[in-house]
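Down below is the structure, laid out as C-alpha cells.
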Amino acid sequence: VLSIWSEFFSCPLLNESSADRELHAVNQEHEKNIQSDPWREAQLLRHLSDPRSRYNRFPTGSLETLKALPATKGIDVRQALLDFHLRYYYAGNMRLCILHSESFDTMQSKVESLFSAIRPADPS
C-alpha cells in the first residue's frame with residue numbers, strides 16, 4: 001500500500017479519463033451535499049462571513065465550476081492539474097507520517113526507497 005501511495009505523489013497518472021471521472025465524482029458529492037441540511041447551514045454561514053475570509057469560499061465543486069466555467073475561459077482542467085502537480089508536488093512541500101510495527105530503521109529504509117522519486121526541491 002505504501003508503494004502505491006508513493007507513486008501517487010511521484011508520478012500520478014492524471015490521464016484524461018481519470019481526470020474526467022474525478023470531476024464527475026466531485027460533482028456527485030456536491031449534488032449529495034445540496035440536500036443536506038447541515039451542509040446548507042454551513043453554506044449560509046459561509047455566505048454571511050467576511051468576504052475576504054477563506055471560510056467565505058465555496059467548499060465543493062460541481063461540473064459547472066470545475067469543467068464548464070474553466071472551459072469558457074480557455075482553461076484545460078487536465079493541464080491545470082498537471083501544472084499544479086509540477087508546481088506544488090515536491091519533497092520540500094510534503095511531510096509523511098506513518099505508524100507501523102516494523103522497526104524505525106526498516107521503515108526509514110522503505111520510505112526512502114519508495115519516496116525518493118519525488119522531486120527534492122521547488123522547480124522555480
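Of the possible donor and acceptor atoms, one in the side chain of Ser10 sits under 3.5 Å from a partner among the backbone N and O of Ser6. Arg119 places a side-chain N or O within donor-acceptor distance of the main-chain N or O of Tyr89, the cut-off being under 3.5 Å. Using modelled atom types, no side-chain atom of Asn33 and backbone atom of Trp39 make a donor-acceptor pair closer than 3.5 Å.
A salt bridge does not link Arg78 with Asp20: every distance from a Lys NZ or Arg NE/NH1/NH2 to an Asp or Glu carboxylate oxygen is 4.0 Å or more.
Ring planes of Trp5 and Phe9: perpendicular class, angle over 60° (limits at 30 and 60°).
Contact check for His85 versus Leu82: no side-chain heavy atoms found under the 4.5 Å cut-off.
The 12-atom threshold is not exceeded at CD of Glu64, counting heavy atoms of other residues, nucleotides or ligands nearer than 6.0 Å.
A continuous path of hydrophobic side-chain contacts links Phe8 to Ile118 [ILVMFWY only; heavy atoms under 4.5 Å]. The same ILVMFWY cluster, assembled from side-chain heavy atoms under 4.5 Å apart, contains both Met94 and Phe84. Both Phe115 and Ile98 belong to a single network of hydrophobic side chains, linked directly or stepwise wherever heavy atoms of I, L, V, M, F, W or Y lie under 4.5 Å apart. If you chain together hydrophobic residues whose side chains sit under 4.5 Å apart, Met107 and Leu96 fall into the same group.
Within the cation-pi definition used here (under 6.0 Å to the ring centroid, within 45° of the axis), Arg46 qualifies as a partner of Tyr55.
Expressed to the nearest 0.5 Å, how far CD of Glu22 lies from CG of Leu66 amounts to 10.0 Å. Note that CD of Gln108 and OG of Ser113 are 11.0 Å apart. Values are rounded to the nearest 0.5 Å.
Using modelled atom types and a 3.5 Å distance limit, the side chains of Thr106 and Ser103 yield a donor-acceptor pair. A side-chain N or O of Ser18 and one of Arg21 form a donor-acceptor pair less than 3.5 Å apart.
For the side chain to side chain donor-acceptor pair (under 3.5 Å) test, residues two or more places apart in sequence or in another chain that qualify with Arg52 are Asp50.
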